Each structure stands twice: as C-alpha cells, then as structure tokens.
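To find a chain, count down the sequence lines: A is the first, B the second, and so on, and within it residues start at 1. Just so we're clear, the structure is a prediction, and the values are computed from it rather than from any experiment.
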Amino acid sequence: QVSVINTVDTSHEDMIHDAQMDYYGTRLATCSSDRSVKIFDVRNGGQILIADLRGHEGPVWQVAWAHPMYGNILASCSYDRKVIIWKEENGTWEKTYEYTGHDSSVNSVCWAPHDYGLILACGSSDGAISLLSYTGDGQWEVKKISNAHTIGCNAVSWAPAVVPGSLIEQPSGQKPNYIKRFASGGCDNLVKIWKEEEAQWKEEQKLEAHSDWVRDVAWAPSIGLPTSTIASCSQDGRVFIWTCDDASGNSWSPKLLHKFNDVVWHVSWSITANILAVSGGDNKVTLWKESVDGLWACISDVNKGQGGVSAVTEGQQNEQ
Amino acid sequence: TPLTDTVPPQVVPGADPSARQLCFAWGPAEVLVCETLFGRAGGSRSRCLSRSPSPSRFWGEGRAGAAAPVLTGSVAGTGEGAPSSSCVFVVRRDQDIYIQTLRKLFNESHGIFMGLQRSEEELAGKSRKAQLVQVSKNYRSVIRACMEDMHQAAVSTRDPALQGQYSTQVSILSAMELIWNLCEILFVEAATAGPLLLRLLDWVRLHVCDVDSMVREVLSSESPSKHKLFWNVVDVFVLQGRMDEARHLLSKEASANPTSMNMYKILDDLMKKMPVPSLGNIQTLTELELKWQHWHEECQRYLQDGTFASNPHMESICKILLGDEDAILEKKELMTTWYHFLVTRLLYSHPTVKPMELRFYAQSSMDLFLGGESSPEPLDMILMAAFEFEMHQVIKECSIVLSNWWFVAHLTDLLDHCKLLQSHNLYFGSNMREFLLLEYASGLFSHHSLWQLGVDYFDHCPQYGRVYLELHIERIPLSTEQKALKVLRICEQRQMHEQVRSICKIMAMKALRNNRLGSALSWSIRAKDAAFATLISDRFLKDYCERGCFSDLDLIDNLGPSMLLSDRLTFLGKYREFHRLYGEKRFPEAARLLLTLMTAHIAPCSFWMTLLTDALPLLEQKEVIFSAEQTYELMRCLEDLTAGNPDKQKFQDDDVETTKVEMLRLALARNLARVIVKEGTVEGS
C-alpha cells in the first residue's frame, strides 16, 4: 500500500531529470531540461519554492545534496559540460563554484561520505571522472581521471566510509585512515571501482557482466557487515547485485537480480540498504528485497505493469 | 521474507505510464517519483532526439540505424511533446503512524513492549506463562481502547470521508484483536483440551457481535416470548453455549404457553445437565467424556421419541445439542462466521477437542460454512493458519494484509518470548522477530515525535538495532536546539560517538550561518572539532578587532579545559583572560599573561601587533609593570615582527603601522629606562 503524501508542482517548463530529498527529507531539489534547478521546502506536506537557480546552459541531469554538516550545499551537472555547486548563505542560494573542465555532458554527480570531507565525484560523456575537493576558503582542488570509461561515464557512486581494521575509537581530532573508494558505470559496459592510493586515484577493479552500456551504479549503505554490495543496471535490461565478501575488496561476484524487457535506467538503495528500487522497463518502479536464501524478491510495484516478478516462492518463509 | 503484495497496482496520479517513465529517488523515509524520459542523459547514441514518445522505440531506431551516431549541437530542449506533468510525488509505504487516533496504540504498546523486554525470566513454568498471558491481554486491551476511540471519532465526525476512514480502521483493529486473541489462546496460553473449548467459546462470544442489537431488542421488549425474533435469540444463546441465558428465556416462553410445559421441562433439564469442561481440575477428561457420552445418548432418545415433534423450534435446539451439523448450519445467519460454526460444532460434538485436532475441524468447518459460495478472505486464511498452529504462516499473512508493521512486530516479539519461534535465519543473519521490529521501528522514524519510541525498539534488536539506529538517528531534522539536544543525549547514552560528532558539527555550522558565534563555538567544542573551533575563534578575534569588544563573554570565560581543543581557541580564552585581568586592574598578572601569549607562541603571528598594542597602556602606567627581562622580551617580539615581515615595503609605507611601531619602540625604551632604575635601586623587595 503505497500512498502519495505530497504532490509538489515544480512548474518546470520541460522534462524533469532528477529529484532529490535532502538529508532530512525537509527539502526537495529538482532539475530539468529547462536548465533550472529548483529547491522546495516540503515540510509537513507543503511545497514552498525556496530557490530557482539559473546558471546552466543546457538540460540539468542530476542534483546531489551534500551532508548538512557542511551547510546547505547542492551540486548539479548538466549537458552544458558544467558542474555547479550551489550554497545557501544568509538565507539565499548562490553559485559558489563552477567547474568547466569536462569536454562534454556531465552525467552524474555524487558526494563522498562526509567523513572524507567535502568531495564531489563527477562522471562525464567525455569518459573522464573528476573529483572536486573543497580545501577551504572557497577553494576547490580538482583531480581528474581521464579515460575512466571509453565513450563515456554514466554514473558514479561512493562506497560508504568504513574505517579499516580496528573499530577502536580514534582519539579526538585525529583523522582515521579511510580508504576512499567509489564505483562508476560507463559506455564500455563496465562497472569500475576506484581507490585512492597516495593521493592518486587508481582503478582497483573492473566488473564485467553487462553486455551493453551501464546506465547506473549504486553502492549500498553499510550496515556493519564486512560485505560490500553494489547494484548496477544497464542498457541490456539486466540488474546485477555485486558482492564482495572480504574487506580487502578483491573478489566481487555478481548475482542477477532480474532481466527486464527494456533498458534499466536507474537503481537506488534505501538508507538502511534493505530495499533496492529499480526503474524497470514498462515504465514502472519496482522495489526489491533480499530474502532468506539470498534470492531477490520483488515486493512492490509502483505503477505495476506486466511481468517482472522474481522467482522466489511464497513458501520460502516457512521452510524449516 | 517474501512479501509479495497482493494489493492491486498503485498508480501515481497524473503519471502516464504509456508515454513516460518514472524517475525516482529515496528520501530518508519516502520515495520521490516523477515523470521523466530517461535516455537523454549520458552517452546518447544519437544526440538528435527523435520525436517518438516511447523511449524503447527511440532506442530501437538508434540501434537499427547502425550508422555512426550523429553528434549535433542540438539536443534535448523541448523534447517529445511537453511533459504531461511537472509534479514530483512524495510517496510512502505506510502512513498509519500519522493517524492521530492510533497514537495511543503506538505509545501504550511501546510501554508494554519495554515491560516485556525487561521482565526477567526468573519465573519459570506456570508463573512465566501467566505473566506472558497478562502481557498479551494488555496488548489486546490497548487495541480495544483504540477501537473505542476510533469508533467515537467515527460517530462524532460529520465528514463522510473521515467517517469511512475511521470505520475502516475500526474493522481493521477488530480483526487484529480477533487474531491476537486466538493466538493468545492457542500459542501463548497454549490451552489444553478441556479449557481450550471454554476459551474458544469466550473468544466467539466476544467477537461475534452482529447479533448483539437483536438480542438487546428482544430482551428489552415487554413480552420477549411474543417478539418475532424470540427464537432467534434463544438459538443464538444455544449456539454460543450460553445455557443459562437460553434457559431463562425459554422459561418465559413456557409460562406464556402452558401447553408446551412438558417439552420445556425436558429441554430445560437437558440443557442444565449438559457436561462442559471446567477450568479447575475437578474432573479428568475421561470422566468428562463418559458423562458427555451418557448425556448425548439421553438427548438422542428424547429426539427419537418425538418429544419435541410438535415444536420445531425446540426440536431444532435439541438437534443442535446433539451436534447435528445440518441443524447447526441452518442457523448460519446467526453465526455469521465459519469459526463460530467451528466452535459450536466442537461444543456439541467434541468438547474435549485437543489443540492438535483443531486443524481438521477448522478446515471442514470453513468448507461447510462457505459451501463453495464464497471463497475465503485473508482474515479467514490467517485464522486457519492459527488453527493449524502454523505460526510463521500467520505472521507472514498478517504482514501482507496489514498496512503497517505494528501488529506483526509486537505479536512476534511476544511469541519469541514464549520461546515458540525457531530461530529462522534470514539473509542478514537476524531472526524474524528482529526483522519485524527493525521494520516497525524504521517506520516510526519518519514521524516527528514517535521516533523516540523507535529508539527503544532498536535497542532491543541485538544484531542490527544499533546500526539501524545510527543510520536513522542522523536523519532526524534538528529543527530546534532542544531536539538536537534530545537526539544527542540518546547518542551519548549509547556511545554513538560518530553520530554525536556529526550532529554537533551540523549544529555548529547552522549556528555559524546564522552568526551565532557563541552557539557555534559551544557546538564545535562538543563535537571536539578542532578545525571548526579554530575557525570560529578566528571569527571572534576578527570581531574583536573590528568592534573592540567580545561577544559571548560568558562562554569564553568559562571554557575551562575545553580551551585546549585548538590552539586558536586557547588563545581566545587566554586573550579574554588578559582583558579580564586588565579590567580588574591586576596589571602584573595581565602583563605576564600577555607576554606568555607571544613567547609561548599561543598567539598567532597575525595577532602580535594587536597584542603589542594592547601592551601600550601597560607600558604607559605610572607604575612600572613590565620587568626589564619582560621588556627585553617585548622588544624582541616587536623586532621579530617587523623584521620577519615579508612585506617590509608595504609595512614601511603604511603610516598607521609605522606610527604604531614607533610608538611601541618609544614606550618600550622608556619603560626599560624606568625599570632599570627601579630594579637597580630596589632594596631587597
């Protein structure tokens, strides 16, 4: 039973490409082909337009909210090859940084876990991935991974911050040694995992299973287990769940969630990583959950269409 | 856990599935959905977008084309027709937590839940069981109280839509209580043969209420025996095993119709003598069975003798007493449900039924009652699963049918405490109880005040409770300082240091944005965030330089050991202390502190000029304050400052600066002169 609790009329003049809630679910950011980024206050079922941000010269593909400890910060990326970072200062939203280092459309932006600082990963159709790090005083440092994916990079997603080794409380003020990782998906049909080593980004893993362009990747939030999980979806209609059991991140094995009849564009994890939302073919969104013996079950369809139900049987629950 | 929804498809209003796709994103507690058209972003095969409305057709063309993609400048501007909707829908799975009248349910059941978790298992055997049964009864009474409230709300509202909602809620709650009650009898109390029947009779009497108004009507009429529904009511009593009430009504009929006195006396006698199980162990089951057999034969004899032939009503009652299925089924309308039929059957044909035998009678009762006319509803299936002692099935079916996790979470928890659930390892290694509690508690977190209940539930999920709490508690909007403090306290109590730090940082940032420096500083101290503390201290100092005074003096004065968090903060604290000492005219101490600030490098170099300027009044005092050694130190500091300044040119050009430096040099020299004389002439003081 899914119920609509709020309908926000964005008044975008063209197709909406992304809508994202902020950390607390109090604000909504949307972006559109009409080149604008809009921010709404959606508390208590309301919808108040807070900002209408102009600055892009082409359709805006994605928006991403940074962690609130850095203030109210939103990143947007667009066909116009730009990445713009917007910030709220004294109650008004303004452009705080603009990155124009890509040669074609920037398709995806994703903020790193707040533990790493304020870092934004951007994937572009020019095949490169850029990492913008805030160094203080309005300055941003850029690192670029050229030719990350041939033809283009469609999606980037960060791994959750996990302190390697001991779980002992670090003395205050001392930064633990995080191993930063993120995943990317591209037009070379690959999912790649990147790791930062000695201030350089290196390709750590190449995950091959798709037979067509990878359109989205999503790294699942951590619930304290040593396993890591990534979901990837592709033009080939398949959604794979990749898991890596050991902490060193060496052996990833894919499991096919489902083969859809059409392109799968988007996958996304709920905050406790127990539900995966997939934009299936047939214009619907399906929700999936892992069941007892590791098979994935479709638990709900928003706009249910034909087909697309998992193989898990109802008897699963009672086996004992 | 397979949770395939049997609910009909949901359609987001306004979204046209044939022409558009759904773009979605997770919020902390909801899903955003809006219409879009994927494929525009990213590596488009062809930058020229076709006019076709269907995306799959679009891609088909691109691929079939095979030719090199055409990269043109024009792209997605206005796409294939205007989007039919510029709306973003915020969608949630269960909204029940927002129903005001259910609030009591959530709050009070939370109390019962906590009591149950804390109850030690020192008690064993019967006492423990009695304790658990009491807990179960408590839950049920909360459900009933809620039902009452909901019913009141339904009755008192004028809005038909609301009324409909409330009424629906009432029937849902009623069904929940029905199921829970049965589970209590079968699982928690685990009633054995004998008492089992009595409990089931109570259960039926409590829950089949459709006939209540008819009963009231007849009883309150002037001469009930003349009421057209009189015999219906007698039948109801008999079917529910309410012998005394049945006999009482029959006596009225007998006095009104003396001709049937004989028949009445016999029937009355039979009803009086009917052997029933008792709660105390007065007789064994075998004894009961014997007596019952004897009684059954007696009824049989009277029936066959045609004793009741002239009165069809009484005859039918006798047949019911004999457990004649057809006779009982004739009264279908009065029983209204198959489980009522089941219990009546058992009462009159197998009063000593054993728990494990229930399943057979249940299945046949349902079949006979529904008779192929209607098919079982979800509620029926749940009850059936209970009669079959398939606990997992009960829980699963309830999960599917009910719109929120409240029921299954609490019931499963109780059953788990009864040690009835085998550890059923799910994917993430936790058991079903924990799984359901996690789901329920997660749902609570999207509510602005119920989230606090959720914290307790997570606490009692040993495997994943903590990490779920960590993930959820960070998402609570910290709209007020009080709320932030509340959340903090919860995190601190559980040593959730990461979350504490994160929340403090967020609050510090918020305060800073609103120019509340004092608040920002105290939050960053709490967060043990040295970098932020430094930043804020700098702001304070900058403010001081601009305005000549400090804001938030109280805070700075009472920093205490937290001053050591960052060097800049330490300096701020000490600098303020200097001002205080000066204000209290404790000049020698102030002087010493001032000097230490520079020599111990607590003060940042950028501030030295200000400090030295602060020293001026001390140097100009009538009394000599700085000793010779101190004066030399000061001079050295000044020289370090001016010599080490890379922008010497600028420095020298700046009139104000050079004047200051000169004044300082002069003052220092003068002081030196005075102090040398003073120290030279001091007589041992």
Practice problem: Under the ring pair (Phe, Tyr, Trp, His ring centres under 6.0 Å) rule, collect the residues that match up with F532(B), sequence neighbours excluded. | Solution: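 Scan of F532(B) (ring pair (Phe, Tyr, Trp, His ring centres under 6.0 Å), adjacent residues dropped) gives none.
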Under a 3.5 Å distance rule, please check whether [X] uses its side chain to pair with a backbone N or O of [Y] as donor and acceptor.
{"X": "W26(B)", "Y": "I271(A)", "answer": "no"}
{"X": "R513(B)", "Y": "E89(A)", "answer": "no"}
{"X": "T272(A)", "Y": "Y468(B)", "answer": "no"}

Self-check item: Atom of M509(B), atom of G71(A) and distance for their closest heavy-atom approach
Solution: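 Closest heavy-atom pair between M509(B) and G71(A): CG-N, 3.4 Å.
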Practice problem: Check I506(B) against H67(A) and note the closest heavy-atom contact, atom names and distance. | Solution: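 That closest heavy-atom pairing would be CD1-CE1, 3.6 Å.
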Below 4.5 Å from any heavy atom of chain B, which atoms of [X] appear? Answer side chain, backbone, both or neither.
{"X": "S270(A)", "result": "both"}
{"X": "D22(A)", "result": "backbone"}
{"X": "S32(A)", "result": "neither"}

Practice problem: Determine, step by step, whether V8(A) and F89(B) satisfy the side chain to side chain contact (heavy atoms under 4.5 Å, CB included) criterion, reporting the C-alpha distance in whole Å, the side-chain angles of both residues, the deciding distance to 0.1 Å, and the verdict. | Solution: CA-CA 6 Å; V8(A) 179; F89(B) 303 97; over 6 Å; no
Chain A contact via [X] - which portion, at a heavy-atom distance below 4.5 Å:
{"X": "I476(B)", "value": "backbone"}
{"X": "L471(B)", "value": "both"}
{"X": "V467(B)", "value": "side chain"}

Euclidean distance, [Y] [atom2] relative to [X] [atom1], rounded to 0.5 Å:
{"X": "R475(B)", "Y": "T26(A)", "atom1": "CZ", "atom2": "OG1", "result": "11.0 Å"}
{"X": "E474(B)", "Y": "Y23(A)", "atom1": "CD", "atom2": "OH", "result": "3.5 Å"}
{"X": "N90(A)", "Y": "N514(B)", "atom1": "CG", "atom2": "CG", "result": "8.5 Å"}
{"X": "H114(A)", "Y": "E498(B)", "atom1": "NE2", "atom2": "CD", "result": "7.0 Å"}

Self-check item: L28(A) side chain near L32(B) side chain, heavy-atom distance below 4.5 Å
Solution: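 L28(A) vs L32(B): side chains touch.
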Self-check item: Between H472(B), Q495(B), E470(B), R466(B), the one whose heavy-atom pairs under 4.5 Å with chain A are most numerous
Solution: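 Looking at each option in turn, the highest pair count goes to H472(B).
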Quiz item: Under the side chain to side chain contact (heavy atoms under 4.5 Å, CB included) criterion, do T10(A) and C87(B) qualify, and how do the steps go?
Solution: CA-CA 6 Å; T10(A) 61; C87(B) 289; over 6 Å; no
